[in-house]
Amino acid sequence: MQSETTPGTTPAPAGKTLPGNEAMLSVRNLKKVYKTDGGDIEAVRNLTFDLKAGELACLVGPSGSGKTTLLKCISGLMAPTEGEVLLNGTPVSGPPKKMAVVFQEYGRSLFPWMRVRENVELPLKNQGVPRAERDKLVDDALEAVGLSHVPQSYPWQLSGGMQQRVAIARAVAYQPEVLLMDEPFAAVDAQTRADLEDLIRTVWRKLGVTVLFVTHDIDESVYLGERVIILSSSPTVIQEDLTIDLPDERDQLNTRSLPRFTELRHHVYEQIQLAKQGHRPAAAVQTDSSAGSGAA
Amino acid sequence: MTQEAVTTNSAAPIPRARKQPAKKLPSKQLLGIAGIIGFLLLWELIPRVGIVEPRFLPPASEVIAALITDFGLTAFWVAVGETMLAWAIGLVMSIVLAVVLGFIIGSSMFLRKFTNSTVEFLRPIPSVALIPLAVLLFGVKIESTLMLVVYASFWQVFIQVLYGVADVDNVAMQTAKSYGLGAMARVRHVVFPTALPYLMTGIRLAASVALILAITAELVIGSPGLGREIALAQSGGAISGMYALVLATGLIGVVINLVMRFIERKTLSWHSSIRSEVIV
């Protein structure tokens, strides 16, 4: 197998799971079939993995591999066809209280009729957080993303990178236990992107929040994550669950020039290429053949 | 004048932000004023030269003088008040009705499809076609005027609200859901602000239509107001007075439009049709 060319990694056909109640977020045998007029489309076949509390995991896969579908199932915005998602052991049936989502389309996710501060404040207000506490949470969140100077601006008066930071501040102020990010930096320029990546690492370490970061960018997944979950092409299974054993202190210049970074990047890239060519992990091939007849 | 013609004329979408560079502003206003003066001069000349007989079209100066005299008469202001009362009550009634129904029907796919054909059938019926019915039901009273005004302006607002409610952004909605906003909170914080620009356009259109229908009803049915005064002046041979009243209705229309645009600009300062260039 190709993956054996990279020493020190432990390729597994399925995602890593944790025993009993250690997991913050559990995805169990998740399957999603879209029913359309032209027949059923199986976006996600079978996904199982756990995130432990305080982990930062990246989810990477070829385009069309059902990353967004998976995220919507996890965030409770969409019900899976089979399987379940557990947050702290409780099945997710709607958007959970302790979960925040940052979407790729910041321009549509932020409300243009509200100022920056109102946008960040709205979820807290809706929860009935008392005024004084709310003010502090909003101030701290804006401070954390470096936007304490523009609370009275409207989102559309800011640059793309700043808008996405407002969306991140809104998520941070919400004090989630799990933060889901759906390709949040896909629409910003490369320099802003590097800054935002570092911002995510900083925020993550400061808050100790569990982060699931979906991206199609291989470098980004390796640079950011403690762990990279590689998805196969559709119908999606887990291609590989890879531990990123880079030092905890990361910075754009040095981390990216480490030999280990290059190795890991190379490995992930290889796996994505395999996934694109239709290669499937051994365990999935079995389920494919057994599920193949039942799926239609 | 049919209602249709006016509606399509004024059925412009949300006004585009006027780019007013400081330099061009005076010349634009000057040009506008020059246009009005030119029009009045032409109006003054045509009857004086004898192209049209002055007893059908009195010169502008005479009409304006009559209008200024009107301004001093209590009867004139009573008529204005009656017209504006019918206009305001009718407009408010139609807005309330259209907003409530629009939000309910607009947020349900089933109700939208269920009502669509009926709406498309009822909407093109010109309000004036309901005059005989209004007279039968209410006689020569303000209620008759109200019925026509409400019927005509309701559709203007209702259709806009339907479009507005359907325009809600999927990502915005998912964001609201993921942050735990319930159905009512989503209507308040997402659906309503999305529909507001549409609603404001509808209200502005309805305001003009309501005035047209108020005057029409008074003119044809004879319910109290400026329209009836115009009919009375005409039958009494007070041609200058009649033109003065027509001019007065035009002025009211202009004022209504200015006020509506002002309100629109205030409530939609965040909207891309109004907002100025990026600041930061």
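Not measured: the values here are computed from a predicted model. Order of the sequence lines sets the chain letters (A, B, ...), proteins ahead of strands, with each chain counted from 1.
Contact check for A:F103 versus B:T175: side-chain heavy atoms found under the 4.5 Å cut-off. Taking the side chain as every heavy atom from C-beta outward, A:F111 and B:W270 never approach each other to under 4.5 Å. Using a 4.5 Å heavy-atom threshold, the side chains of A:V101 and B:Q174 count as separate. At a threshold of 4.5 Å between non-hydrogen side-chain atoms, the residues A:W113 and B:H271 do not count as touching.
Per-residue counts of heavy-atom pairs under 4.5 Å with chain B were compared for A:S75, A:G94, A:P176, A:A171; the largest is that of A:A171.
Among the residues in residues 124-149 of chain A, those with a non-hydrogen atom closer than 4.5 angstrom to a non-hydrogen atom of chain B are A:N126. For residues 186-194 of chain B, the interface with chain A (any heavy-atom pair closer than 4.5 Å) comprises B:H189, B:V190, B:P193, B:T194, sorted by residue number.
Interatomic distance, B:D169 CG to A:E105 CD, rounded to the nearest 0.5 Å: 8.0 Å. Taking CG from A:L71 and OG from B:S178, the interatomic distance works out to 10.0 Å, rounded to the nearest 0.5 Å.
Partners of A:F185 according to the ring pair (Phe, Tyr, Trp, His ring centres under 6.0 Å) rule, which considers only residues two or more places apart in sequence or in another chain, are A:F213. Legend: residues meeting ring pair (Phe, Tyr, Trp, His ring centres under 6.0 Å) with A:W204, ordered by chain and number and at least two apart, are absent.
Atom CZ of B:F114 has 12 or fewer neighbouring heavy atoms from other residues, nucleotides or ligands inside a 6.0 Å radius. Environment of CD in A:Q191: sparse, with no more than 12 heavy atoms of neighbouring residues, nucleotides or ligands closer than 6.0 Å. Other residues, nucleotides and ligands place no more than 12 heavy atoms under 6.0 Å from the NZ atom of A:K52.
Of the atoms belonging to A:R170, heavy atoms from both backbone and side chain fall under 4.5 Å from chain B.
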